[in-house]
Amino acid sequence: MRLERSISAFARARGIIAGGVNSPVRAFRAVGGSPVFMKNGNGAYMCDIDGHEYVDYVLSWGPLILGHAHPNVVKAITQAAQRGSSFGAPTEAESELGELIRSMVPSIERIRFTSSGTEATMSAIRLARGFTGREKIVKFAGCYHGHGDSFLIAAGSGALTNGVPNSPGITAGVARDTIVLPYNDADAVRKAFDANAGAIAAVVVEPYAGNMGLVPAKAGYLQALRDLCTQHGALLIFDEVMTGFRVARGGVQEREGIKPDLTTLGKVIGGGLPVGAFGGSAEIMTHLSPDGPVYQAGTLSGNPLAMAAGIATLRAIQSDATIYDRLEVLSKLLCDGMHEVLEKHGIPHYGTYAGSMLCTFFAAGPVTDLESAMQADTALYGKFFHAMLDRGVYLAPSQFETAFVSTAHTTREIERTIAAADDALTQVLAAAAQRA
Ligand SMILES: *Cc1c(COP(=O)(O)O)cnc(C)c1O
């Protein structure tokens, strides 16, 4: 496939943008090759600058649940822009989006909007610390909460020891306050609470982990986290930046019937524009400035264009009674199709899906945490990724990502994708056999 324009666009970008990209995964380092530059998108499809069309399963990493350039969203953004793009003063659209969110996620009595998911999670743990008067947080290996210092921490040498910085530039002091435990292991959390009595402000979790591939919670795990936090006076924070409005109208908390103290949102609630949010009970949220002492702010927070895109997106979701059933049928169809194809080619694999999210690991599984996810054959995934790209299917440029479907995807796209996967693997395996 000819990608001349993308290749030269990347050379140009490398001369001005650090690493050529504004977010590392876009650089294709995990799959090799040169990133594809996009020109436009429509529904389930997007087109690159060399003129190739792709079925898109990245969907801007989750936000585009209605697909690219949905007419309602385009209209809402256009009309908002004509009224003025930002005022630095409140607008009614902020209350409208907040009320829409609360009607579907009832644990959120009060909300605060930010411009990214990263800001939402950073602010949520500051609030949890301010509310509890405690300093430590618990997070789980393989869960991603944006690029705030407190979250870029790896597990220490012992399971109960404090974390260590995962990136240069993060101080040992910050790392000391983050305890990193394996996901889906309630016993590890129990032990951490016992070893850090009265010191843990919050447990923050992706209730279904979506940033190591898709790894749903085991039965009883989220309830155990709920019970432990209540018992020890810590806040339970569900980071639903990805899962919110993706697995159900009310996120994982609705699907699993668990009420967190704080919820962070992003992605879908911005309809493709930069938005994040965090919220919870009125009691906790009144600790935020200006009602309370915990400081949090943003020049473009609650931006009118972003609110308009979010309102248009959530209205479409709210008025569509069967949206999540239909999306999950598509996810299951693709997951099952991938299973059949991989089975046929004799490749070990493990599939997961929930609502509009799915993942096929190139590992025998079961995948339940970061350690089991890391068993995946990433070299094979890289070859598969490029063979799919050649066949007009845009998957995430890393094995450890979730695939998304939108309301613009139909069984036609899914069937085409499964046929492409069969063909792609035939080519990948033939090339491997030839080399051997
Ligand atoms: C994407 C994501 C974030 C970070 O959101 P940004 O808007 O990229 O800052 C945080 N948490 C989860 C679970 C995410 O998937």
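One-based numbering, in listed order, for ligands and for the atoms of each.
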**Shortest protein contact, atom 8 (O) of ligand 1 (heavy atom only)** = Thr118 OG1, 4.5 Å

**Complete:** So the atoms of ligand 1 within less than 4.0 Å of a heavy atom of Ser116 turn out to be 7 (O), 9 (O)

**Asked** For ligand 1, which atoms, with element, lie under 4.0 Å from some heavy atom of Gly146?
**Response** 3 (C), 4 (C), 10 (C)

**Asked** Is it true that atom CZ of Arg5 has more than 12 heavy atoms of other residues, nucleotides or ligands lying nearer than 6.0 Å?
**Response** no

**Fill in**
Among Val275, Thr243, Val241, closest by heavy atom to atom 3 (C) of ligand 1 is Val241

**Request:** Verify the distance criterion only: is there a donor paired with an acceptor across the side chains of Asp369 and Ser372 at less than 3.5 Å?
**Result:** yes

**Message:** Any salt bridge linking Asp177 with Arg134? Criterion: basic side-chain nitrogen under 4.0 Å from a carboxylate oxygen.
**Reply:** no

**Complete:** Of Trp61, Tyr208, Tyr144, Phe151, the residue with the heavy atom nearest atom 13 (C) of ligand 1 is Tyr144

**Request:** Write down the atom of Phe140, the atom of Val180, and the distance for their closest heavy-atom approach.
**Result:** C-CG1, 4.2 Å

**Prompt:** Are Tyr221 and Tyr183 near enough that their ring centres are under 6.0 Å apart?
**Reply:** yes

**Request:** Identify whether the distance between the nearest side-chain nitrogen and carboxylate oxygen of Lys218 and Glu256 falls below 4.0 Å.
**Result:** no

**Distance-only donor-acceptor check, side chains Thr91 and Glu94, under 3.5 Å** = yes

**Message:** With nothing but distance in play, are any N or O atoms of Gly117 less than 3.5 Å from an N or O of ligand 1?
**Reply:** yes

**Prompt:** Which atoms of ligand 1 have any heavy atom of Met242 under 4.0 Å away?
**Reply:** 15 (O)

**Asked** Between Glu206 and ligand 1, is there a nitrogen or oxygen pair with a distance under 3.5 Å?
**Response** no

**Complete:** If we number the atoms of ligand 1 from 1 as shown, the ones under 4.0 Å from a heavy atom of Asp239 are 10 (C), 11 (N), 12 (C), 13 (C)

**Item:** contact_flag Lys267 ligand 1 heavy-atom lt 4.0 Å
**Value:** yes

